[in-house]
2 protein chains.
Amino acid sequence: MGTIKRSKQREAIKTFLYSRHDHPTAEVVYNNVIKDFPKISLGTVYRNLSFLVDQGEAITVPCEDGSVHFDGRITPHYHFQCTKCGRIHDIDLDDPVYESEVISAPQKKLEDGSVITGHVTFFYGLCGECTGN
Amino acid sequence: MGTIKRSKQREAIKTFLYSRHDHPTAEVVYNNVIKDFPKISLGTVYRNLSFLVDQGEAITVPCEDGSVHFDGRITPHYHFQCTKCGRIHDIDLDDPVYESEVISAPQKKLEDGSVITGHVTFFYGLCGECTGN
DNA sequence: ATACAAAATAGGAATAGATATCATTATTAT
DNA sequence: ATAATAATGATATCTATTCCTATTTTGTAT
């Protein structure tokens, strides 16, 4: 009961996600995996992306604009969305921005008894390409 | 051209939003305003909430779970969502959590030329009522 | 190898949240 | 009071995601 079986589709989805560092959406994953699996359905992509997240093999990146992106990099790191092109970029742990702007949040108790157990910080701005040229 | 005309519905929406500090969703606003305006449509509620946001008279609170809440409090402050009951609470500026965990983000340049212009921090945990009892 | 049970898929329908359209109504300047 | 036009209500549409069911694939036991 509850034994997980592998599937070519799931492996292709995982391989694709891990090969990219640009935080694709479910639809982008679908548009790429379909090249090797012409009959794959969008439902399968969603099901497997959720599966990977449940297994701790991927994370979701919910953005300010409401779109949901997926990330195969599961070690803690921050994200940054370009307000011009919409792409999501990583902010490395050793980047000065990370260290100076945000401090990891330990548990903290508010006056009313609320307990803060974590936080999500999402940066925005303009990426190199959109400021650059 | 482009002159704004007032409407009873818009005023009711604004009044309702300002009367509450629990960050209602568009649907919650609709379910309440409809008591005074039985024929109001959901589209009108969405249209006017967006209008208030555009006018700087309200802000949106996009949550990690994808839901969008509205807030009539426009002075800078942080939010905190209870992972158990889902309610959104304010974190006051003078609360220790605010001061110790997050530092306001000035413009910052990364190695690749990206410029960080802002950030959003969203806290989560358990609210007083959900830890309390 | 073969058969069986469970898990996973494909395809499509269903849902939810949000937007857009458009004829009608309400508000405001004159 | 009238004309111009902004705003509404009702409905249609859109997008992202989930759900359903018959079929296929996979792992295991024989």
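These figures come from a predicted structure and were not determined experimentally.
One interatomic measurement links the two molecules: OH of Y30(A) to P of dA16(D), which rounds to 13 Å at whole-angstrom precision. As a whole-Å value, the separation of E27(A) CD from dT17(D) C1' is 11 Å. Counting to the nearest Å, the P atom of dT19(C) and the CZ atom of F51(B) are 16 Å from each other. Separating the CG atom of N48(A) from the C1' atom of dA7(C) is a distance of 12 Å, rounded to the nearest angstrom. Note: CZ (R10(B)) to P (dT28(C)) measures 10 Å, nearest angstrom. Between the CG atom of L49(B) and the P atom of dT19(C) there is a distance of 10 Å, given to the nearest Å. Here dT18(D) presents its P atom at 13 Å from CG of D65(B), a figure rounded to the nearest Å. Separating the CG atom of L42(A) from the C1' atom of dG12(C) is a distance of 12 Å, rounded to the nearest angstrom.
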Can you check nucleotides 22-28 of chain D for protein contacts, nitrogen or oxygen pairs under 3.5 Å, and list what you find?
unit_1  : atom_1 : unit_2 : atom_2 : d
dT26(D) : O2     : K5(A)  : NZ     : 2.9

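Side chain of R47(B), nearest nucleotide from dT17(D), dG9(D), dA10(C): dG9(D). Comparing dA7(C), dA10(D), dA8(C) against the side chain of T3(A) picks out dA7(C) as the nearest. Taking the side chain of I40(A) as heavy atoms from C-beta on, and the options dA10(C), dT17(D), dA10(D), the nearest nucleotide is dA10(C).
In this model, no donor atom of one side chain and acceptor atom of the other lie less than 3.5 Å apart for H21(A) and D71(A). Checked by atom type, the side-chain pair H89(A)/D22(A) shows no donor-acceptor distance below 3.5 Å. Side-chain contact annotation: R10(A) with S7(A), donor-acceptor N/O pair under 3.5 Å absent. Remark: the H77(A) side chain and the T75(A) side chain contain no N/O donor-acceptor pair separated by less than 3.5 Å.
Close to dT8(D), at under 4.0 Å from its OP1 or OP2, lies no side-chain N or O of S41(B). Side-chain nitrogen and oxygen atoms of Y46(A) include none within less than 4.0 Å of the OP1 or OP2 phosphate oxygen of dT18(D).
Both I13(A) and S50(B) sit near DNA chain C, but only I13(A) has its closest nucleotide nearer the 5' end.
Here the closest heavy-atom approach between residue F122(A) and residue C63(A) is recorded as CZ-SG, 3.8 Å. Here the closest non-hydrogen pair linking I40(B) and Y30(B) is O-CE1, 3.5 Å.
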Quiz prompt | CA sep, side-chain torsions, deciding dist, call: E129(B), R87(B), salt bridge (charged side-chain N to carboxylate O under 4.0 Å, His left out) | solution = CA-CA 11 Å; E129(B) 284 167 50; R87(B) 273 179 293 204; 3.1 Å; yes
